[in-house]
Amino acid sequence: MQEFMRMCVECNPGETEFLQAVSEVAESVKPVLDRHPEYRKAKILERMVEPERLISFRVPWVDDGGEVQVNRGYRIQMNGAIGPYKGGFRFHPSVNASILKFLAFEQVYKNALTTLPMGGGKGGANFDPKGKSDLEVMRFCQSFMNELFRHLGPNTDVPAGDIGVGAREIGYLFGAYKKLKNEFTGVLTGKRREWGGSLIRPEATGYGSVYFAAEMLATRDQTLEGKVCLVSGSGNVAQFTVEKLIEMGARAVTLSDSSGYIFDEKGIDRAKLDYVMHLKNVERGRIKEYADRYPEAVYTPRDPSADFNPLWNYKADCAFPSATQNEINAKDAANLVNNGVYVVSEGANMPTVPEGVDLFLEHKILYGPGKAANAGGVSVSGLEMSQNSLRMSWTREEVDGHLHRIMKDIHKACVEAAESYGTPGNYVSGANIAGFEKVARAMLDQGVI
Ligand code: GLU
């Protein structure tokens, strides 16, 4: 394993996030490789860390002032062993090859866990939709698709949204693809309902992460009723996490964005959540305005020089990190544990640093890693693909029923894999092993290719 990691570091210099994700999986699957020498012989892990295809391209566009802008676009087709590449686009200034490779790598195992036939991919650009006009976003999306359309297709690669890519961006991207290919196909998911989207897709990641937390709590004969919950982020994942928490009788007390966070001890109720949804989705405003509207809430601006995030430093039962990677550092993780938090369900991808993960495992808290806990989003994307292929659309109840069952199945698969490899209660090794085994078997079946 040391030799394997040394090789990874050498081949992917400076790609810290990618190496972080690889090292966690490699550590978890070591016992699988010991039990299955055929995987080692076929160099399954070595093949898995090398993207099947990495596309990087220039995205030129013209801003509202008439000035030419240039961004860098990517699509990483990581692994297609069990289905077409599937995974979102992220538009954010932090986007680079390392971030997208880590996300694509995580996506492979996450998608395998969903029980649906989807390979793993990820893409995006270092473009910041924040502060851009609708027309600028449209021009950017059209230029992005101008290159990428040739690499996509409903049986080849089906992107979706991620940070900075919601229904508006998916609409512009879909329009451009349709025009260039002259065909109307389910090439993207997260579409609006009226033209091929699935009910429950916007809700899916947040709902799924709460369903996963409920499953973890059930192993200790507990429910979410009355639990105090810390939620980070205020985008689609955080919003629907809070919605499901309200429905389950829990009390969500925080939300954040890149400028700061609010703490509302009384809890974010339905009316307040409706306000947040309008603020964020329609007005594209900042979470600070929540505290102006509801004086019982306290707003704290982000302090870039602080070595911990005070959002994670309140007495609570559960935490739902739903913002971005590495948002819980080692100190935050210690604060959570010291404040009595014993359930962490990750709505974001890899939001906890490795030292934090170790601490959670050491304290035997119910810790659901992103690739299991946030798999609800891509699961409903898979259901959107099925509906598009059938040219049908299912009801809310049908889709939510599938989502709930899938989250229960993922939980069960994690528990069983962890038990089978001698790490009971460890959802990190459970998720990595269960996802890995499915993809590894498919790769073995399909030969060295
Ligand atoms: N971006 C989401 C994720 O991280 C969803 C991907 C999809 O729906 O394809 O899983």
Side-chain angles (χ1 to χ4, degrees), residues 17 21 74-80 82-92 95 99-125 148 152-154 156-167 169-170 173-174 186-192 196-209 212 233 235-241 321-325 327 345-351 368-388 399 402-403 406-407 410 431 435:
E17 294 84 4
Y74 300 89
R75 185 69 183 167
I76 300 179
Q77 300 178 331
M78 199 75 192
N79 194 304
I82 63 167
Y85 307 110
K86 181 83 195 87
F89 286 140
R90 178 174 290 193
F91 290 169
H92 192 269
V95 161
I99 300 266
L100 292 181
K101 273 167 76 180
F102 114 66
L103 289 163
F105 187 72
E106 293 275 297
Q107 199 81 45
V108 172
Y109 307 100
K110 184 196 311 197
N111 293 5
L113 284 170
T114 66
T115 69
L116 302 172
M118 298 182 288
K122 203 86 188 188
L148 201 57
L152 308 179
T156 308
D157 186 348
V158 184
D162 194 81
I163 293 173
V165 178
E169 288 74 16
I170 293 292
L173 291 163
F174 185 83
V187 68
L188 289 157
T189 61
K191 303 183 289 298
R192 267 202 228 281
S198 175
L199 285 167
I200 303 286
R201 177 61 191 90
E203 293 88 336
T205 313
Y207 280 17
S209 147
F212 197 84
N236 148 282
V237 181
Q239 291 171 17
F240 289 105
T241 295
S322 310
T324 196
Q325 67 273 354
E327 58 171 305
S345 191
E346 295 184 337
N349 289 310
M350 205 171 73
K371 60 171 81 68
N374 74 37
V378 74
S379 298
V380 175
S381 276
L383 301 177
E384 184 171 328
M385 289 165 73
S386 305
Q387 293 171 80
N388 291 165
V399 180
H402 282 303
L403 169 64
I406 289 170
M407 295 314 296
I410 295 175

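Start at 1 and go down the list; that is how both ligands and their atoms are numbered. No experiment lies behind these values; they were computed from the predicted model shown. Hydrogens, waters and symmetry mates play no part in the numbers below; they use all other heavy atoms, side chains included.
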Out of curiosity, Asn374 CG to Thr205 OG1, how far, rounded to the nearest 0.5 Å? 6.5 Å

With sequence neighbours excluded, tell me which residues meet ring pair (Phe, Tyr, Trp, His ring centres under 6.0 Å) with Tyr85. none

With sequence neighbours left out, write down each residue that passes ring pair (Phe, Tyr, Trp, His ring centres under 6.0 Å) with His402, or none if nothing qualifies. Trp394

Please enumerate all residues that pass ring pair (Phe, Tyr, Trp, His ring centres under 6.0 Å) together with Phe212, with sequence neighbours excluded. His411, Tyr427

Quick check on salt bridge (charged side-chain N to carboxylate O under 4.0 Å, His left out): which of Lys191, Lys86, Arg192 does Glu384 satisfy it with? Lys191

Please tabulate protein-ligand N/O pairs under 3.5 Å for ligand 1, atom names and distances to 0.1 Å.
| unit_1 | atom_1 | unit_2 | atom_2 | d |
| --- | --- | --- | --- | --- |
| ligand 1 | 1 (N) | Lys122 | NZ | 3.4 |
| ligand 1 | 1 (N) | Gly161 | O | 2.9 |
| ligand 1 | 1 (N) | Asp162 | OD1 | 2.8 |
| ligand 1 | 4 (O) | Lys110 | NZ | 3.0 |
| ligand 1 | 4 (O) | Lys122 | NZ | 3.1 |
| ligand 1 | 4 (O) | Asn349 | ND2 | 3.1 |
| ligand 1 | 8 (O) | Arg201 | NH2 | 3.0 |
| ligand 1 | 8 (O) | Ser381 | OG | 2.5 |
| ligand 1 | 9 (O) | Lys86 | NZ | 2.7 |
| ligand 1 | 10 (O) | Gln107 | NE2 | 3.1 |
| ligand 1 | 10 (O) | Lys110 | NZ | 2.7 |

Gap between atom CG of Asn349 and atom CG of Asp162 - 0.5 Å precision: 6.0 Å

